[in-house]
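Only one structure is covered here, and it is reproduced in the block below.
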Amino acid sequence: MSMTMATDEAPPATSKLKDERTSAIAALTQPKGDDLIGRSVTINRPREELFAYWRDFSNLPTFMDNVERIDVLSDTKSHWVVKAPAGKTVEWDAIITEEKPGALIAWTSAEGADVPNSGRIEFVDAAERGTIVRATIAYDPPVGVVGKVIAKLFQREPAIQARRDLRRFKQLMETGEVATAAWTQKQRDEENA
Amino acid sequence: MRALTWHGKHDVRVDTVDDPEILNPRDAIIKITSTAICGSDLHLYDGYIPTMQAGDILGHEFMGEVVETGAKSSLKKGQRVVVPFTIACGSCYHCGKHQYSACDNGNPADNQDIGQEMYGQPMSGLFGYSHLTGGYAGGQAEYVRVPFSDVGPIIVPDGLDDDEVLFLSDILPTGWQAAENADIEPGDTVAVWGCGPVGLFAVQSAFLMGAHRVIAIDHFPHRLDLAKKFGAETINFEESKTYEALMEMTGGIGPDAVIDAVGLEAHGFFVDNVVDQIKASLFLGTDRTHSIRQAIHACRKGGRVSMPAVYGGFVDKFPLGAFMEKGLTLKTGQTSVQHYMPALLNAILEGKIDTTFLISHRMSLEDAPKGYKMFHDNQNDVTKIVLKPGLAAAI
Ligand SMILES: NC(=O)c1ccc[n+]([C@@H]2O[C@H](COP(=O)([O-])OP(=O)(O)OC[C@H]3O[C@@H](n4cnc5c(N)ncnc54)[C@H](O)[C@@H]3O)[C@@H](O)[C@H]2O)c1
Ligand SMILES: [Zn+2]
Ligand SMILES: [Zn+2]
């Protein structure tokens, strides 16, 4: 730190020196590397409305940043195309394994997926605050493969991805749009790439 | 377009950057006619606020003309609007309670991590104020993209000049909220630390809310004179000791309510302040806090502390004991601008609040770097700089 101060006396997190700044920010937001991720968010909308939007899996890419496309194949089966580094994609089929209208959807990847995974989303009334939405996403990587490797496969640590996706879901449901600080379409496309 | 961009400590430049575009249905694009430099911008200028990136466009106090609207904006092309510096969605739980500055949705999802880690909950979005609060491009530019334009901007009635309404964007509501947070009761004596724009509007607001006496504290004679014009008594902290003077003026009781309108860059010649400065520049977990310490020390027993001043991190030697033993209460926060705008616009129309007195300099956007330096170096004479993108550069 003291070496940096000689050329730029600003605090590291505001430093002109890009590396210094990046590592200061990264230290604050470091991924924890879980492969079982549970997250809750409270959304100021009725339970049924949130359930209905989620239940149509083709909607998920509107807020799941790393999901390029989901084709709905039948009432319970869907095909997921997920972004991976270097313009590649990872794909799998998912099957809905449990459903309670207005309350719960659970799904799991079909036999043969590269990265077996499953997800579960619950919707619980929160009185005048709307609905508590609780997501659990689990990855079941081949033996010896840890979260960091999944992150490489998916561009981002799954825990961070899930947390951010839920926030985007909340934004979309509450405001009708996903907030962006970009000021040109080009910038936004780069952020989403 | 041309825009004032941050490149590091004491390094801001006017660059040519891409024009903003409509990206979301509730967006509008505003052509800026007036935009001010704020005391908060000096915190960025001095490098105190983390998560700035080179090229960030500054500016959160601005107004202008609507030139483009998204499908769900309620604004119309040609309307003149003042834009709140807080970006709020209008539909989350907090917005429903008019806590606009606590909006859940103004800050893009990816940017919320930093605030969540630092403060426990993510911050809302603000224009031109670091990536902690969204990383939104600010309004010290020719154009700006305004999200949630159906909730924030207030339409300016015909016949009002920019200079009369520009400060609805931040400092007038901030001074007003500061006085409101002081829970003023009739007969109260209110002390205000700092006679910058926020402090001066807090002085006016405190009188309008029924304060019997307002005591304003600063060391710039010109700024103290402005406070006097509104009926305040004053203390120049270079000439007298603030605590002693306050005790003398209040018959040994202390002010009923105290307002800290100084913040991060408190000036002073006190040992603890010098230590704070060194620590702050090394980012060792302290804000420079002399004004808030002094305010708590002087406040009467059972009194109220209002803190519009901005602090970012941890604080050393915070007088928690005095706070507890005297049974004080503290209210603070970024201003919920949207909540106050309509009533304050009326107050301006009715002539109850004067805003134009504050403007000491008007200059071209091209001269903004000079403006930052002037504001930073000469706070006595420079009370507020308004940039007008329409004006030619002075060269
Ligand atoms: N809460 C919000 O939403 C909000 C909005 C706008 C500004 N702010 C904050 O309010 C504060 C004031 O803003 P401003 O634009 O008026 O700033 P400013 O820098 O123009 O004014 C600060 C004044 O405080 C005086 N001062 C410094 N040390 C002092 C001390 N020890 N005792 C008494 N006075 C002292 C300075 O001489 C100066 O006149 C800043 O911290 C700013 O970031 C908060
Ligand atoms: Zn401001
Ligand atoms: Zn909101």
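The sequence lines fix the lettering, A, B, ..., with proteins before strands; numbering per chain opens at 1. Just so you know, these numbers come straight off a predicted model, no measurement behind them. Only heavy atoms go into these numbers, but all of them, side chains included; no hydrogens, no water, no symmetry mates.
Counted within 6.0 Å of CD on E111(A), heavy atoms from surrounding residues, nucleotides or ligands total 12 or fewer; the atom is thus considered open. Dense packing is recorded around CZ of R55(A), with more than 12 heavy atoms of other residues, nucleotides or ligands lying under 6.0 Å away.
For the pair A181(A) and G135(B), the tightest heavy-atom approach, listed with the atom from each and the gap, is CB-O, 3.5 Å. Considering all non-hydrogen atoms of both residues, N44(A) and C92(B) come closest at ND2-C, 3.6 Å. Closest approach of A179(A) and G106(B) over heavy atoms only: CB-O, 4.2 Å.
With hydrogens and angles disregarded, no donor-acceptor distance shorter than 3.5 Å links the side chain of Q185(A) to the backbone of E21(B).
In summary, of the residues considered (V17(B), V144(B), L23(B)), a side-chain contact (heavy atoms from CB on, under 4.5 Å) with W183(A) occurs for V17(B) alone. Shown are C89(B), C103(B), C95(B); of these, the side-chain contact (heavy atoms from CB on, under 4.5 Å) with T175(A) is made only by C89(B). Partner of D104(B) under the side-chain hydrogen bond (donor to acceptor under 3.5 Å, both in side chains) criterion, chosen from K170(A), Q171(A), R167(A): K170(A).
Between R188(A) and N24(B), some side-chain heavy-atom pair lies under the 4.5 Å cut-off. Looking at heavy atoms from C-beta onward, D110(B) lies in side-chain contact with D65(A) at the 4.5 angstrom threshold. At least one side-chain heavy atom of D27(B) sits under 4.5 Å from a side-chain heavy atom of E177(A). The shortest distance between side-chain heavy atoms of R145(B) and T184(A) does not fall below 4.5 Å.
Most heavy-atom pairs under 4.5 Å with chain A, from the set N105(B), I57(B), N111(B), I29(B): that is N105(B). Considering only heavy-atom pairs separated by less than 4.5 Å from chain B, the leading option among R129(A), R45(A), E174(A) is R129(A).
Taking CD of Q116(B) as the start and CZ of R163(A) as the end, the distance is 6.5 Å to the nearest 0.5 Å.
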